[in-house]
Visitor: 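The following block contains the structure, expressed as structure tokens.
Atoms within each ligand, like the ligands themselves, are counted from 1 in listed order.
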Amino acid sequence: MLRSVLIGTGSALPRQAVSNAELAKRVDTSDEWIVERTGITNRYIAAPDETTTTLATEAARKAIEAAGIEAASIDLIILATATPDQTFPASATLVQANLGCRGGIAFDVAAVCSGFLYAVGVADSMLRTGMARRALVIGAETFSRILDWEDRTTCVLFGDGAGAIVLEAQEQGGETQRGILATRLHADGTHNQLLYVDGGPSTTGTVGKLRMKGREVFRHAVVNLAEVLREVLDEAGLSTDDLDWLVPHQANARILDATAKKLNLSPDKVVMTVAQHANTSAASVPLALDQAVRDGRIKVGDLLMLEAMGGGFTWGASLIRV
Ligand code: UT7
């Protein structure tokens with residue numbers, strides 16, 4: 001059976017780390033409040049010369065190097081982002097040019113914090129139907145550019161960064177097939193006023209700033225994520241006990257704890273990077289994944305569940321045998 005096999009991961013962070021204490025000098029907040037409510041202690045903020053595309057390119061180069069392939073052999077690039085360098089062209093085409101790949105497919109996916117999961121789902125479908133052979137799937141964001149730095153309820157929560165993976169279409173057989181085993185994606189647009197940006201090319205002609213009703217998003221996140229994780233496990237005929245790692249979207253340590261509890265999953269199996277990176281939207285899952293691959297926790301043969309939930313609402317999960 002043709003499967004999309006994970007053959008490399010990479011990530012990139014801006015140069016500047018910003019602590020909670022530094023933020024407390026700018027807005028009425030405290031390290032204690034941020035740590036207690038979110039688990040965040042630090043985030044990285046892009047300088048003017050660091051953009052979604054530069055971070056995406058760096059993460060992509062590392063993933064390509066880890067995969068041990070030539071960049072030119074990539075025939076599909078999907079970049080998940082809500083903070084593209086320009087309204088158009090797609091940032092994926094800029095990354096394609098930076099990497100020196102030509103002629104393949106390149107486009108952006110907009111599903112905010114779930115963007116990486118959506119991109120993985122689309123890439124997997126395209127690889128398994130033969131539209132491409134090697135896919136670069138990237139999540140990259142510079143949310144610092146769309147934050148209202150006077151709004152303490154949102155500006156302390158987010159950070160910038162990028163993560164990337166290379167997927168390759170391979171024939172797999174036998175009991176322990178490598179690759180993406182199942183993916184489920186969902187959206188419910190009736191909730192789009194709970195997490196949104198108050199501007200855009202077709203409405204205000206401006207970029208706009210992020211607005212969120214955090215408590216309500218939290219409530220939906222725990223329910224939706226637990227449901228979609230079960231759905232994906234059911235589709236694959238597996239159970240929580242089979243999982244080696246949960247690599248979740250890193251919005252809030254409390255959401256991760258609550259989701260793990262709902263699933264009866266040991267907290268030791270949850271990859272948590274929210275303390276260091278904060279919420280990097282579409283970048284958070286591949287950033288966490290790359291960290292756990294590079295520090296040796298995730299190994300070939302492990303069964304991973306990736307999941308995310310964000311603006312729209314959109315949410316999804318994907319089960320991968322590394
Ligand atoms: O990535 C997309 C998905 N996004 C998420 O999953 C985010 C989900 N939501 C959350 O993570 C949490 O709801 C937040 C971290 C955003 C907020 O935590 P909370 O426990 O739900 O707090 P809250 O919004 O209910 O606010 C509690 C209090 C309020 O004060 P009053 O009204 O009780 O007097 C806020 O004004 O905390 C206050 N507050 C702050 N205080 C100090 C809000 N932000 C801050 C702050 N510093 N930065």
Visitor: For Leu157, which part has a heavy atom under 4.0 Å from ligand 1: side chain, backbone, both, or neither?
Guide: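 For Leu157, only side-chain atoms sit under 4.0 Å from ligand 1.
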Visitor: Charged N to carboxylate O under 4.0 angstrom, Asp75 versus Arg133?
Guide: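 So Asp75 does not pair with Arg133 through a salt bridge.
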Visitor: Counting each atom of ligand 1 from 1 as listed, which ones have a heavy atom of Thr153 under 4.0 Å away?
Guide: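 Listed by number with element: 43 (C), 44 (N).
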Visitor: Test of understanding: given a 4.0 Å heavy-atom threshold, classify the contact between Ala221 and ligand 1 as side chain, backbone, both, or neither.
Guide: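 Neither; no heavy atom under 4.0 Å.
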Visitor: Between Val27 and ligand 1, find which residue part has any heavy-atom pair under 4.0 Å and reply side chain, backbone, both or neither.
Guide: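 Within the 4.0 Å criterion, Val27 makes no contact with ligand 1.
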Visitor: Where on Val156 is there a heavy atom closer than 4.0 Å to ligand 1, on the side chain, on the backbone, on both, or on neither?
Guide: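 For Val156, the contact with ligand 1 is made by the side chain alone.
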Visitor: Are any of the side-chain nitrogens in Asp49 or Arg15 under 4.0 Å away from the carboxylate oxygens of its partner?
Guide: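 Salt bridge flag = yes for Arg15 with Asp49.
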Visitor: Please identify which atoms of ligand 1 are closer than 4.0 Å to at least one heavy atom of Leu195.
Guide: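 In order of numbering, the contacting atoms are 2 (C).
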Visitor: Any carboxylate oxygen within less than 4.0 angstrom of a Lys/Arg side-chain nitrogen, looking at Arg61 and Glu65?
Guide: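 No.
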Visitor: Does Arg43 reach the side chain of Asn279, with side-chain heavy atoms less than 4.5 Å apart?
Guide: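 Not in contact.
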Visitor: Testing Asn98, Thr51, Leu94 one by one against Thr57 for a side-chain contact (heavy atoms from CB on, under 4.5 Å), which residue passes?
Guide: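 The passing option is Asn98.
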Visitor: Answer with side chain, backbone, both or neither: which part of Met309 has a heavy atom less than 4.0 angstrom from an atom of ligand 1?
Guide: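 Only the backbone of Met309 comes within reach of ligand 1.
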Visitor: With a cut-off of 4.0 Å, which atoms of ligand 1 are near a heavy atom of His249?
Guide: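 Within the 4.0 Å cut-off of His249, ligand 1 contributes 1 (O), 2 (C).
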Visitor: Please indicate, with yes or no, if any protein heavy atom is found under 4.0 Å from atom 33 (O) of ligand 1?
Guide: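 Given the 4.0 Å limit, the answer for atom 33 (O) of ligand 1 is no, no protein heavy atom qualifies.
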Visitor: Taking 4.0 angstrom as the limit and counting only heavy atoms of Thr38, give me the atoms of ligand 1 inside it, by number and element.
Guide: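 What qualifies from ligand 1 is 15 (C).
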Visitor: I'd like to know whether ligand 1 has Val112 as a neighbour, heavy-atom separation below 4.0 Å.
Guide: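 Per 4.0 Å heavy-atom rule, Val112 does not contact ligand 1.
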Visitor: Might you check, step by step, whether the distance between atom 30 (O) of ligand 1 and some protein heavy atom is under 4.0 Å?
Guide: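 Protein heavy atoms within 4.0 Å of atom 30 (O) of ligand 1 - there are none.
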Visitor: When Leu229 is tested against each of Leu263, Leu243, Leu319 for side-chain contact (heavy atoms from CB on, under 4.5 Å), which residue passes?
Guide: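 Among the candidates, only Leu263 passes.
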Visitor: For atom 8 (C) of ligand 1, what is the nearest protein heavy atom, given as residue, atom name and distance?
Guide: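 For atom 8 (C) of ligand 1, the nearest protein heavy atom comes out as Gly214 O, 3.5 Å.
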Visitor: Only heavy atoms of Asn279, strictly under 4.0 Å: list the atoms of ligand 1 that pass.
Guide: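 In order of numbering, the contacting atoms are 1 (O), 2 (C).
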Visitor: Starting from atom 18 (O) of ligand 1, locate the nearest protein heavy atom and write down its residue, its atom name and how far away it is, to 0.1 Å.
Guide: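 Answer, as residue, atom name and distance: Arg254 NH1, 3.9 Å.
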Visitor: If you measure from each non-hydrogen atom of Trp33 to ligand 1, which part falls under 4.0 Å: side chain, backbone, both or neither?
Guide: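 Within the 4.0 Å criterion, Trp33 contacts ligand 1 through side-chain atoms alone.
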Visitor: Taking CD in Glu22 as the centre, count heavy atoms belonging to other residues, nucleotides or ligands within less than 6.0 Å. Is the count above 12?
Guide: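 Yes, the 6.0 Å shell around CD holds more than 12 heavy atoms from other groups.
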Visitor: Checking side-chain contact (heavy atoms from CB on, under 4.5 Å) against Asp124, which of Val137, Ile320, Thr129, Ile180 comes through?
Guide: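 With Asp124 as partner, Val137, Ile320, Thr129, Ile180 yield a single side-chain contact (heavy atoms from CB on, under 4.5 Å), made by Ile180.
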Visitor: Is there a donor-acceptor contact under 3.5 Å linking the side chains of His186 and Glu227?
Guide: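 Not at all, the side chains of His186 and Glu227 share no donor-acceptor pair under 3.5 Å.
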Visitor: Nearest to atom 14 (C) of ligand 1, what protein heavy atom do you find, and at what distance?
Guide: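 Checking every protein heavy atom, the shortest distance to atom 14 (C) of ligand 1 gives Asn252 ND2, 4.4 Å.
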Visitor: More than 12 heavy atoms of other residues, nucleotides or ligands under 6.0 Å from CD of Glu150: yes or no?
Guide: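 At most 12 heavy atoms, drawn from other residues, nucleotides or ligands, come within 6.0 Å of this atom.
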Visitor: Write out the residue and atom name of the closest protein heavy atom to atom 20 (O) of ligand 1, then the distance separating them to 0.1 Å.
Guide: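 The answer is Arg37 NH1, 2.9 Å.
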Visitor: What protein heavy atom sits nearest atom 6 (O) of ligand 1, and how far off is it?
Guide: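 It is Ile255 CD1, 3.2 Å.
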Visitor: Provide the number and element of each atom of ligand 1 under 4.0 Å from a heavy atom of Cys113.
Guide: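 Every atom of ligand 1 under 4.0 Å from some heavy atom of Cys113: 1 (O), 2 (C).
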Visitor: If you have a sec, work out which protein heavy atom is nearest atom 23 (P) of ligand 1 and how many Å separate them, to one decimal?
Guide: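 Its nearest protein heavy-atom neighbour is Arg215 NH2, 3.8 Å.
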Visitor: With a 4.5 Å cut-off on side-chain heavy atoms, are Asp257 and Met272 touching?
Guide: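 Answer yes - side chains close enough.
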Visitor: Consider only side-chain N and O atoms of Ser144 and Asp160, and report whether a donor and an acceptor are under 3.5 Å apart.
Guide: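 Asp160 and Ser144 do have a side-chain donor-acceptor pair below 3.5 Å.
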Visitor: Is the shortest side-chain N to carboxylate O distance from Arg297 to Asp244 below 4.0 Å?
Guide: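 No.
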Visitor: Taking all atoms of both residues into account, what is the closest heavy-atom pair of Leu287 and Ser11, and its distance?
Guide: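 Heavy-atom minimum between the residues: CD2-CB, 3.5 Å.
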Visitor: Could you tell me, atom by atom, which parts of ligand 1 come under 4.0 Å of a heavy atom of Ala251?
Guide: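 Reading through ligand 1 atom by atom, the close ones are 1 (O), 5 (C), 6 (O).
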Visitor: List the closest protein heavy-atom neighbour of atom 4 (N) of ligand 1: residue, atom name, distance to the nearest 0.1 Å.
Guide: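 The answer is Val217 CG1, 3.6 Å.
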Visitor: Measure the distance from atom 47 (N) of ligand 1 to every protein heavy atom, then report the residue, atom name and distance (to 0.1 Å) of the closest one.
Guide: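 The protein heavy atom lying closest is Thr29 OG1, 2.7 Å.
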Visitor: Which is closest to atom 38 (C) of ligand 1 by heavy-atom distance: Glu32, Glu36, Arg152?
Guide: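 Considering heavy atoms of Glu32, Glu36, Arg152, the nearest to atom 38 (C) of ligand 1 sits in Arg152.
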Visitor: Can a side-chain donor-acceptor contact be found between Arg145 and Thr83 if the only test is distance below 3.5 angstrom?
Guide: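 Thr83 vs Arg145: no donor-acceptor pair found between side chains.
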